[in-house]
Amino acid sequence: SSSSSSSSSSTSTFTEPTRWKPLILLMPLRLGSGEKMNPVYQEGIKKVLESQFSIGIVGGKPKSSFYFLGYQGDNLIYLDPHVVQTISDVTDTYHCTKPKKVNMKEIDPSLAVGFYFGNESSFRMLVKQFKELAKEMKHTNVHIRDSKPKLDSKYDSIMTDWGDDFINDCEVPVDFDHPTTTNNSDK
C-alpha cells in the first residue's frame, strides 16, 4: 500500500513492487558423496528440469562440464560449453543436428540448478512447487524452510558481524502463504 512507502527499507514488506527485480537463482548442490550422483535424486533432477522457471543445470561428468537443459528417460540432454560454434544473427535460432545425452548415473554429484523469476509471484510459485514435491517424494534435491535456520552456538565463532548483517538483510518472509507478512520481529 501507499502508506508503507514512508517506512524505512529495513521494515518494508517483501511484496513492494519497487523492491522486486528479476532474479536468476543458482543453487549449488551436492547430490551424493561419491564420484557419481546418488540415483535417489534422479527424479528430483527431472522435476527441476520440468519446472517452467528452470534455466537448466550446470554440471557434468568427472573432468567434463556440461549445461543440461532437458532429459529423455534417464538421460540428460546437454550442450558442451567447450565446443566452439560460429556466431549467428541473433534473429536466428540454434538447432542441434544430434543432441548430446549422458545417463544420469554417470554425472558428478556436484552441480548447480538455475531458475529465472521475472517477478515475485513466479518465485512464490516455485517455492510452493518445492514444498509440494517434498511431500510426495522421499528424496528431494531442495528443502524449503519457513524461517532462517537457528545455528548451533558452536558456530558463533565463525559468524562475523558482517555475516550476521548479511543474513538478516537477505531474510525471506516467514509466511509464504500470506505474502504481505514478514518476520521483522526477530531483528
Side-chain angles (χ1 to χ4, degrees), residues 21-85 94 96 98-118 120 122-160 162-172 176:
K21 293 191 181 339
L23 170 70
I24 290 178
L25 177 64
L26 299 174
M27 297 187 318
L29 302 173
R30 175 103 179 144
L31 302 178
S33 59
E35 290 186 17
K36 307 276 168 95
M37 183 179 73
N38 189 325
V40 301
Y41 297 111
Q42 289 182 3
E43 290 305 310
I45 289 293
K46 291 177 182 180
K47 295 290 185 187
V48 164
L49 291 168
E50 289 172 10
S51 170
Q52 69 197 49
F53 308 109
S54 174
I55 56 173
I57 299 172
V58 176
K61 299 190 315 184
K63 302 189 191 282
S64 299
S65 298
F66 302 130
Y67 173 62
F68 301 112
L69 51 113
Y71 72 92
Q72 182 179 36
D74 288 336
N75 294 313
L76 293 175
I77 300 168
Y78 70 90
L79 298 175
D80 186 343
H82 304 98
V83 174
V84 178
Q85 299 175 26
Y94 175 79
C96 290
K98 186 174 180 186
K100 296 180 181 180
K101 296 186 258 183
V102 63
N103 192 287
M104 282 193 253
K105 293 177 186 175
E106 299 300 314
I107 69 168
D108 189 282
S110 295
L111 46 85
V113 297
F115 300 95
Y116 172 77
F117 308 103
E120 184 179 357
S122 59
F123 172 77
R124 293 187 182 283
M125 285 174 60
L126 185 72
V127 167
K128 185 176 179 182
Q129 289 172 5
F130 276 143
K131 285 184 173 186
E132 290 170 3
L133 279 175
K135 290 177 188 173
E136 61 185 69
M137 296 179 72
K138 185 175 179 180
H139 299 282
T140 62
N141 307 5
V142 177
H143 299 273
I144 303 292
R145 293 182 50 107
D146 289 331
S147 64
K148 179 174 66 172
K150 304 286 186 231
L151 294 178
D152 189 304
S153 62
K154 68 182 177 183
Y155 298 111
D156 288 345
S157 64
I158 61 171
M159 289 301 294
T160 63
W162 174 87
D164 199 37
D165 288 343
F166 178 77
I167 289 171
N168 287 334
D169 289 346
C170 294
E171 186 171 349
V172 180
F176 286 107

Specify whether Phe53 and Phe117 have parallel, tilted or perpendicular ring planes, treating 30° as the upper limit for parallel and 60° as the lower limit for perpendicular.
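Plane angle between 30° and 60°, so tilted.
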If you compare all heavy atoms of [X] against all heavy atoms of [Y], which two are closest, and at what distance to 0.1 Å?
{"X": "Phe115", "Y": "Ile55", "value": "N-CG1, 3.6 Å"}
{"X": "Lys105", "Y": "Lys36", "value": "O-CD, 3.3 Å"}
{"X": "Gly34", "Y": "Pro109", "value": "O-CG, 3.3 Å"}
{"X": "Val48", "Y": "Ser54", "value": "O-CB, 3.1 Å"}
{"X": "Gly118", "Y": "Ser122", "value": "N-OG, 3.5 Å"}

Does Glu43 form a salt bridge (Lys or Arg N to Asp or Glu O under 4.0 Å) with Lys46? I'd like the steps, not just the answer.
CA-CA 5 Å; Glu43 290 305 310; Lys46 291 177 182 180; 3.3 Å; yes
Any chance you could measure [X], atom [atom1], to [Y], atom [atom2], to the nearest 0.5 Å?
{"X": "Ile45", "Y": "Leu29", "atom1": "CD1", "atom2": "CG", "result": "7.0 Å"}
{"X": "Lys100", "Y": "Ile77", "atom1": "NZ", "atom2": "CD1", "result": "13.5 Å"}
{"X": "Asp108", "Y": "Ser64", "atom1": "CG", "atom2": "OG", "result": "10.0 Å"}
{"X": "Leu76", "Y": "Glu106", "atom1": "CG", "atom2": "CD", "result": "11.0 Å"}

Residue pair [X] / [Y], side-chain heavy-atom distance below 4.5 Å:
{"X": "Gln129", "Y": "Lys47", "result": "no"}
{"X": "Asp74", "Y": "Gln42", "result": "yes"}
{"X": "Ile57", "Y": "Tyr78", "result": "no"}
{"X": "Lys61", "Y": "Phe66", "result": "yes"}

Is Gln72 atom CD crowded by more than 12 heavy atoms from other residues, nucleotides or ligands, each under 6.0 Å away?
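No, CD of Gln72 has 12 or fewer neighbouring heavy atoms, counting only those of other groups under 6.0 Å.
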Taking atom CD of Glu136 as the centre, report whether more than 12 heavy atoms of other residues, nucleotides or ligands fall under 6.0 Å from it.
yes
Give the C-alpha distance, both sets of side-chain angles, the deciding distance and a yes or no for side-chain contact (heavy atoms from CB on, under 4.5 Å) between Ile107 and Phe68.
CA-CA 11 Å; Ile107 69 168; Phe68 301 112; 3.8 Å; yes
Main chain of Leu126, side chain of Arg124: is a donor-acceptor contact present, judged purely on distance under 3.5 Å?
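Not at all, since once roles are kept as given, no pair shorter than 3.5 Å links the two residues.
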